[in-house]
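What follows is one structure encoded as structure tokens, with my remarks underneath.
For reference, positions follow the sequence shown, starting with 1. No hydrogens, no waters, no symmetry mates; every other heavy atom, side chains included, goes into these values.
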Amino acid sequence: MTAADRQNADGFERGVLDAGALPALIDVLHGDGYTVIAPTLQENTIVYDEIADTCDLPAGLGDEQDAGRYRVHDRGDAEFFGFAVGPRSWKRWLFPPRHQLWSARRTEDGFDVREASVAGERFAFLGVRACEIHAMGIQDKVFLEGVHVEELYARRRRDALVIAVNCSTPSGTCFCASMNTGPKADAGYDLALTEILTADRHDFLVEAESERGRALAGLLPLRPADSADLKAAQAVSNRAAEKMGRSLNTKGVKDLLQENPEHPHWAEVAERCLSCGNCTNVCPTCFCSTTEEVTTLDGAETQHERVWDTCFSLDFSYLQGTIVRGDTRARYRQWLTHKFANWFDQFDTSGCVGCGRCVTWCPVGIDVTAEIPAFRETVEDVQ
């Protein structure tokens, strides 16, 4: 049992943490044996990675995002989380892009096959946005529900501590408000922070949802929150909702896409799409994978690894000697229809959380919030 679990913090709901005391949160997490994953600056991009202390956070930095465009800029203030999501998502740690399943070594009697052990590392995710919490919930449906449970995901998800940060500054490609997934976290976290930065204050409203979160809050130097603190925090979320960079009318999208597989707009998008798979690599809900053999040159040893896959690759639809989706038009149709339509049939939810990553990181700037309305506007003309 960790120190946080032993702490008696029954009854805690919310408090206020001075921004200068944020290092105390990271110290507590490290003291409880967590590897802290949080936003940090690498190669002029704000990404999630392991951090040692608050000096690693991109304080005072913001980002500019549009279709096919990403830039980091100086905000001119000291806000710790004044930016939107970057190209990495938390699935990189819950469902790693490359994971060894088993290995084999040639012996005199044949082969010695060994199943890979499941790593027991405990992660504390600091800076999780509301849309990303919803993405975790979607992947929970994929990996934890049903007959076959993904063991590595289950173990890491169970041990992960989720510390949300309610968005203050959405990007130009965010549309979580349209998907009802943000900008304020409503569930699925242990602690939620709302950063309040004005001329006369810089602190965080801290709210706990789980027992682990309440125990963690009990170890922090918090003061009780009053009505003024709650009002200030709500204003942060309200402003973020008003500044959403994109919007999408989701009414009837499932039927729209499923009932129009031969719509000419599929070909129009395919003329621009590179089939590079960037959209699936940055997506926090995509879960497709394949396996690869990594063998030594002498053939004495091999490792069987699971790696991320994408429905934009030719081999993804290889079936009995035939490429089922042999052109970009078919592959893009598969991706968009699965994400916004077929996902409901499989998992009773959309596969999109409105984070906008697929828009920002598409090399040619293909924008789902523009492509879906294009179907809607012209479907009557082609029926």
Any donor-acceptor pair under 3.5 Å linking the side chain of Asn166 with the backbone of Ser237? no

Answer yes or no: does atom CG of Asp345 have more than 12 heavy-atom neighbours from other residues, nucleotides or ligands under 6.0 Å? yes

Are Arg329 and Asp327 ion-paired here, with the side-chain N under 4.0 Å from a carboxylate O? no

Please tell me whether Asp298 and Thr296 have a donor and an acceptor in their side chains that are separated by less than 3.5 angstrom. yes

Arg239 (side chain) donor-acceptor with Ser168 (main chain) under 3.5 angstrom: no

In plain terms, say whether Glu150 and Arg156 are close enough for a salt bridge, that is, a side-chain N and a carboxylate O under 4.0 Å apart. no

To the nearest 0.5 Å, what is the distance between CD on Gln139 and SG on Cys286? 8.5 Å

Does a sphere of radius 6.0 Å around CZ in Arg105 hold more than 12 heavy atoms from other residues, nucleotides or ligands, not counting ones at 6.0 Å or beyond? no

Main-chain N/O of Glu43 paired with Thr45 side-chain donor or acceptor, under 3.5 Å: yes

Using only heavy-atom distances, determine whether the side chains of Gln346 and Asn342 contain a donor-acceptor pair under 3.5 Å. no

Quick one: does Arg223's side chain get under 4.5 Å of Val16's, heavy atoms only? yes

Hey, are the side chains of Cys276 and Pro363 touching, using non-hydrogen atoms and a 4.5 Å cut-off? yes

Ignoring hydrogens and angles, state whether a donor on the side chain of Lys339 or Thr285 is under 3.5 Å from an acceptor on the partner side chain. yes

Which atom pair, heavy atoms only, marks the closest approach of Gly326 to Leu314? O-CD2, 4.1 Å

Nearest-0.5 Å distance that lies between atom CG in Leu230 and atom CD1 in Ile196: 8.5 Å

Closest heavy-atom contact between Val165 and Arg129? O-CD, 3.2 Å

Would you say CZ of Arg272 has more than 12 non-hydrogen atoms from neighbouring residues, nucleotides or ligands within 6.0 angstrom? yes

Short N-O contact, Asp348 and Lys141, less than 4.0 angstrom: no

Nearest 0.5 Å, please: how far is CE in Met136 from CZ in Phe125? 5.5 Å

Salt bridge flag under 4.0 Å for residues Arg214 and Glu211: yes

What one should report as the nearest heavy-atom pair of Ala208 and Gly213 is CB-C, 3.8 Å

I'd like to know whether Asp367 forms a salt bridge (Lys or Arg N to Asp or Glu O under 4.0 Å) with Arg246, so could you lay out the CA-CA distance, the side-chain angles of the two residues, the decisive distance to 0.1 Å, and finally the verdict. CA-CA 10 Å; Asp367 182 349; Arg246 296 284 203 277; 2.7 Å; yes

Please name the residue in the list Arg98, His99, Gln100 that meets the side-chain hydrogen bond (donor to acceptor under 3.5 Å, both in side chains) test with Glu305. Arg98

Cut-off 3.5 Å, side chains only: do His304 and Glu293 have a donor facing an acceptor? yes

The single option from Val128, Leu126, Leu205 passing side-chain contact (heavy atoms from CB on, under 4.5 Å) against Leu193: Leu126

Sub-4.5 Å side-chain heavy-atom contact between Glu195 and Phe80: yes

Any Trp308 side-chain heavy atom under 4.5 Å of Thr280 side chain: no

Leu57 side chain near Pro39 side chain, heavy-atom distance below 4.5 Å: yes

Restricting to non-hydrogen atoms, name the atom on Ser275 and the atom on Thr328 that form the minimum distance, rounded to 0.1 Å. OG-OG1, 3.2 Å

Exercise: identify the closest heavy-atom pair between Val85 and Cys355: CG2-O, 3.8 Å

Can we say Lys91 and Glu132 salt-bridge, meaning some charged N sits less than 4.0 Å from an Asp/Glu carboxylate O? no

CG-OG1 distance between Asn278 and Thr360, expressed to the nearest 0.5 angstrom: 11.5 Å

Are any non-hydrogen side-chain atoms of Ile46 and Phe81 less than 4.5 angstrom apart? no

Using modelled atom types only, decide if a donor and an acceptor are shared between the side chain of Trp335 and the backbone of Gly277 within a distance under 3.5 Å. no

Let me confirm one number: the CD1-CG distance from Ile372 to Leu248, rounded to the nearest 0.5 Å. 5.0 Å

Take Phe287 and Trp343 through the ring-ring contact (aromatic ring centres under 6.0 Å, His included) test and state the conclusion after the steps. CA-CA 12 Å; Phe287 58 86; Trp343 217 297; 5.6 Å; yes

Got a donor-acceptor contact below 3.5 angstrom from the Asp190 side chain to the Val162 backbone? yes

May I ask you to decide if Glu121's main-chain N or O and Arg155's side chain share a donor-acceptor pair within less than 3.5 Å? no

For the residue pair Asp56 and Thr40, what are the closest heavy atoms and their distance? O-OG1, 2.7 Å

Before accepting this row, confirm whether a basic side-chain N of the pair Asp32/Arg212 lies closer than 4.0 Å to the acidic partner's carboxylate O. no

Please check if the side chain of Glu301 supplies one atom and the backbone of Ser103 the other of a donor-acceptor pair under 3.5 Å. no

Check whether Arg357 reaches the backbone of Gly86 with its side chain - one donor and one acceptor, N or O, closer than 3.5 Å. yes

Is the shortest heavy-atom distance from the side chain of Lys184 to the side chain of Gln234 under 4.5 Å? yes

Flag the pair Val236 / Leu197 as yes when at least one side-chain heavy-atom distance between them is below 4.5 Å, and no otherwise. no

Criterion ring pair (Phe, Tyr, Trp, His ring centres under 6.0 Å) against Trp90, the qualifying member of Phe95, Phe123, Tyr48, Tyr153: Tyr48

How long is the gap from SG on Cys352 to CZ on Phe175, to the nearest 0.5 Å? 3.5 Å

